[in-house]
Amino acid sequence: MQKSLHINAAKCTGCLQCEMACSYENHGLFNPAKSRIKVFDFEHEGRKVPYTCTQCAEAWCLNACPVDAIRVDAVTGAKVVNVATCVGCKVCTIACPFGTINYVADLGKVQKCDLCGGDPACAAACPTGAITYVDADWTGLDKMRAWAGKTDTATRASA
Amino acid sequence: MAWTRKILRVDLTNGTCKVEPLNMAWAQQYLGQRGLATKYFVSEVDPKVDPLSPANKMIMTTGPLTGTPASTGGRYSVVTKGALTGAIACSNSGGYFGAELKFAGWDMIIFEGRSPKPVYLWLENDKAELRDAGHLWGKTVWQTEEIIKKTHQDPQIRISSIGRAGENGVLYACIVNDLHRAAGRSGVGTVMGSKNLKAVAVRGTLGNAGIKDPKAFMAAAAAGKKVLADNAVTGQGLPTYGTQVLMNVINEMGALPTRNHRDVQFEEARKISAEAMHEKRPTDGKSQLVTNAACFGCTIACGRISKIDETHFSVVNKPEYWGASGGLEYEAAWALGAANGVGDLEALQFANMICNEDGMDPISFGATVGAAMELYELGIIKKEAIGMDAPFGSAKALCDLAMMTAKGEGFGKELGLGSARMCAKYGKPELSMSVKKQEFPAYDARGIQGMGLTYATSNRGACHLRSYTVASEVFGIPVKTDPLVTDGKADLVKAFQDATAVFDSAGICVFTSFAWTLADVQPQIAAACEGDWTLEKLNEVGERIWNMERQFNLAAGFTAKDDDLPPRLKMEPAKVGPAKGLVNGIDKMRPEYYKTRGWDEQGVPTGDTLSRLGL
């Protein structure tokens with residue numbers, strides 16, 4: 001079963017535990033500036049929204065890379081940057097429609113979410129369930145279930 | 001080494017920034033943040049200093065757990081001699097600023113002197129620079145944050161700044177970060193304003209790599225988070241209702257100070273409670289509360305984000321206040337509401353936004369309005385002096401006075417003095433509900449006896465965050481005690497004071513102590529920090545910090561006479577509720593407390609106590 005990160009922004013409180021977990025997993029220190037998942041604060045609306053790579057099936061970054069540094073992980077389906085091959089040309093950052101592959105200046109390479117090899121640290125760190133790692137075929141299941149619960153055929157039948 | 005081991009010393013008089021190594025011997029004795037910065041402060045500043053003179057210093061400081069995944073590990077504090085109190089001040093704030101300061105590589109910033117012109121400090125990791133703030137002076141906190149982010153073309157900068165209250169010398173001005181989190185009490189923002197320092201702006205991308213044993217730390221932090229999640233208060237009550245969950249509870253106990261402590265129950269408490277914030281308004285069909293929110297690293301998320309009713313009189317034709325904004329916490333809702341008899345939830349939200357926008361402590365502001373309303377009702381302050389009718393319960397007066405105080409206009413100048421100075425000026429000093437010139441928070445000491453001793457002996461003036469015995473006396477945390485008796489409160493207050501000093505020195509939020517004891521904090525500190533951090537050592541650190549602060553206050557001129565409550569709480573019994581007929585028993589508790597502390601009858605730590613604590 002392929003799994004994918006599923007984000008429910010309504011549950012996000014903006015604690016940034018995901019950013020600390022991501023930077024610790026990938027860089028060995030607590031540093032939101034190096035996190036591959038970012039929480040955006042729309043303060044005038046009172047909304048906080050975590051955002052990261054959704055692992056496109058037809059990945060623009062992968063197709064754009066001139067040195068084939070981005071490969072598909074056969075197990076997780078993640079599009080993974082091979083740091084040794086990456087030349088830091090940033091073409092992938094232009095190609096990505098969502099801005100979720102980013103250049104890291106002090107490394108001279110790009111980075112993106114690689115699903116931590118199948119056990120995403122952000123999802124494990126999230127205290128509210130705003131970030132979960134679920135069956136990729138059912139990323140909308142929670143919403144579907146919630147709406148299903150509101151379906152009341154009895155009322156209509158009696159009307 | 002959870003510390004970065006680096007201090008920035010900013011000489012505002014000469015416009016210089018200098019790097020110093022952190023005194024690691026002191027870090028072992030005082031841990032960080034409140035304790036460690038206070039150690040620096042008392043070592044460098046004359047206790048008799050005028051708080052608003054260039055000789056006073058101001059320290060912004062993080063703790064060893066700030067900028068770590070320890071739950072709530074994002075706190076920072078401001079240590080100085082308080083403008084309102086003349087006592088040692090340490091005001092603590094959440095939001096994101098503290099963690100950003102740590103990620104930029106700093107344990108603390110010591111500000112000295114006074115800049116000849118308005119400046120702000122710009123920190124980009126290890127690069128520190130004082131910049132002209134002429135264009136920011138006269139601007140609100142919200143405007144200041146926006147302008148600085150635009151100037152540096154970086155929306156990810158975190159900023160702590162003063163609003164117009166701090167510029168105008170309001171004696172309870174605070175320092176606001178991330179739009180609506182604040183180092184709130186004792187007038188730390190007034191001190192910042194007196195130094196011509198408008199803001200500190202930080203971008204930190206270095207991160208925090210200095211955890212002693214990362215694996216053990218991650219396990220300890222995870223265990224701590226589980227305790228918070230499983231606890232009814234931190235796992236459910238606070239995220240759902242925020243601190244406002246207390247409004248109806250404390251009112252029912254007859255411990256909700258109402259109309260300048262004339263009454264102990266507020267007949268309109270329900271209308272300004274957490275429950276009311278959840279209810280849909282008849283005007284627009286929306287609830288005031290939009291969502292809850294967390295500070296950096298916090299897995300509790302008690303923060304309130306609210307939207308005011310756009311049709312409310314306070315914001316008609318003022319769309320700048322219609323967006324989501326920091327909402328009512330219990331203390332603000334009480335001080336702006338019950339303390340002056342106002343039951344209009346939207347008016348409270350407006351006054352609270354003014355406090356955030358221009359950097360005023362809503363507790364001291366609201367309580368000072370309450371004192372002014374009593375003076376008005378007694379006929380001592382006339383309508384002409386205030387410029388409006390100001391009886392208890394006037395939402396219009398509350399909103400207008402908030403704007404006037406922030407801007408330093410008219411009667412707002414008098415309110416900006418705080419209740420102690422204002423009441424003294426009108427010949428009624430006994431009507432100021434304060435200790436060491438700092439106004440009481442939202443618990444009536446007649447209905448919760450331990451809080452009387454808490455207020456009287458708090459090193460920063462009346463405050464609930466120095467020993468929150470409400471936890472024990474109301475909620476049974478960690479053990480239930482009877483709120484109506486004085487027995488055992490001396491020991492209880494000492495235990496809470498010492499433990500809280502450790503929470504405040506670690507970089508975490510004291511609200512964790514609804515679920516955590518020091519035994520839950522200790523494994524996190526021990527795994528993060530170099531040294532042997534046992535529970536015994538932490539308890540001693542807490543007691544050492546308390547006594548150090550006490551010594552500074554004694555040297556500043558405070559005596560046992562200042563460890564007292566206003567006559568109203570000692571002589572006017574509660575009229576209704578469970579505490580009916582009771583006054584606070586401070587005169588019985590105080591000597592017991594001094595004895596428990598190892599202090600003499602005048603409240604001075606004995607030689608034995610000081611040497612035991614290495615002071």
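What's counted below: heavy atoms across the whole structure, side chains too, no hydrogens, waters or symmetry copies. As the structure is a prediction and not an experimental result, all values here were calculated from the model. Chain A is the first sequence line, chain B the second, and so forth, proteins listed ahead of strands; every chain is numbered from 1.
- The stretch residues 8-64 of chain A participates, sequence neighbours left out, in these ring pair (Phe, Tyr, Trp, His ring centres under 6.0 Å) pairs: Tyr24(A)-Phe30(A).
- At a threshold of 4.5 Å between non-hydrogen side-chain atoms, the residues His180(B) and Glu43(A) do not count as touching.
- Ranked by heavy-atom pairs under 4.5 Å with chain A, the first of Ala301(B), Gly297(B), Gly323(B), Ser325(B) is Gly297(B).
- Neither the backbone nor the side chain of Ala221(B) comes within contact range of chain A, judged by heavy atoms closer than 4.5 Å.
- The two residues Ala293(B) and Lys48(A) have their closest heavy-atom pair at CB-CE, 4.2 Å.
- The number of heavy atoms from other shown groups lying within 6.0 Å of NZ (Lys286(B)) does not exceed 12.
- With a 4.5 Å cut-off on side-chain heavy atoms, Phe296(B) and Glu19(A) do not count as touching.
- In terms of non-hydrogen atom pairs under 4.5 Å with chain B, the most contact-rich of Ala33(A), Ala10(A), Ala125(A), Gly28(A) is Ala33(A).
- Sparse packing is recorded around NZ of Lys226(B), with 12 or fewer heavy atoms of other residues, nucleotides or ligands lying under 6.0 Å away.
- If you measure heavy-atom distances from Glu100(B) to chain A, you find no contacts under 4.5 Å at all.
- For CD of Glu146(B), the number of neighbouring non-hydrogen atoms (other residues, nucleotides, ligands) closer than 6.0 Å is 12 at most.
- Pro32(A) is not listed as a side-chain neighbour of Tyr96(B), based on a closest heavy-atom distance of 4.5 Å or more.
- Residue Glu320(B) places its CD atom among more than 12 non-hydrogen atoms of other residues, nucleotides or ligands, all under 6.0 Å distant.
- Residue contact with chain A, scored on non-hydrogen atoms closer than 4.5 Å, is absent for Pro239(B).
- Proximity to chain B is absent for every atom of Lys11(A), based on heavy atoms less than 4.5 angstrom apart.
- Neither the backbone nor the side chain of Lys102(B) comes within contact range of chain A, judged by heavy atoms closer than 4.5 Å.
- Minimum interatomic distance between Ala324(B) and Gly46(A) (heavy atoms only, all atoms of both residues): CB-N, 3.3 Å.
- Note that CD1 of Ile305(B) is 13.5 Å distant from CZ of Arg47(A), once rounded to the nearest 0.5 Å.
- In this structure, the portion of Leu179(B) lying under 4.5 Å from any heavy atom of chain A is its side chain and not its backbone.
- Across Leu29(A) and Leu206(B), no two heavy atoms sit closer than the pair CD1-O, 3.3 Å.
- Here the CG atom belonging to Asn31(A) is positioned 6.5 Å from the OG1 atom belonging to Thr205(B), to the nearest 0.5 angstrom.
- Summarising the geometry, atom SG belonging to Cys298(B) is positioned 9.0 Å from atom CD belonging to Gln17(A); distances are rounded to the nearest 0.5 Å.
- The two residues Asn292(B) and Thr13(A) have their closest heavy-atom pair at ND2-CG2, 4.1 Å.
- The 12-atom threshold is not exceeded at CH2 of Trp138(A), counting heavy atoms of other residues, nucleotides or ligands nearer than 6.0 Å.
- Atom OH of Tyr133(A) has more than 12 neighbouring heavy atoms from other residues, nucleotides or ligands inside a 6.0 Å radius.
- In plain terms, the two heavy atoms of Val290(B) and Glu45(A) that are nearest each other are CG1-O, 3.9 Å.
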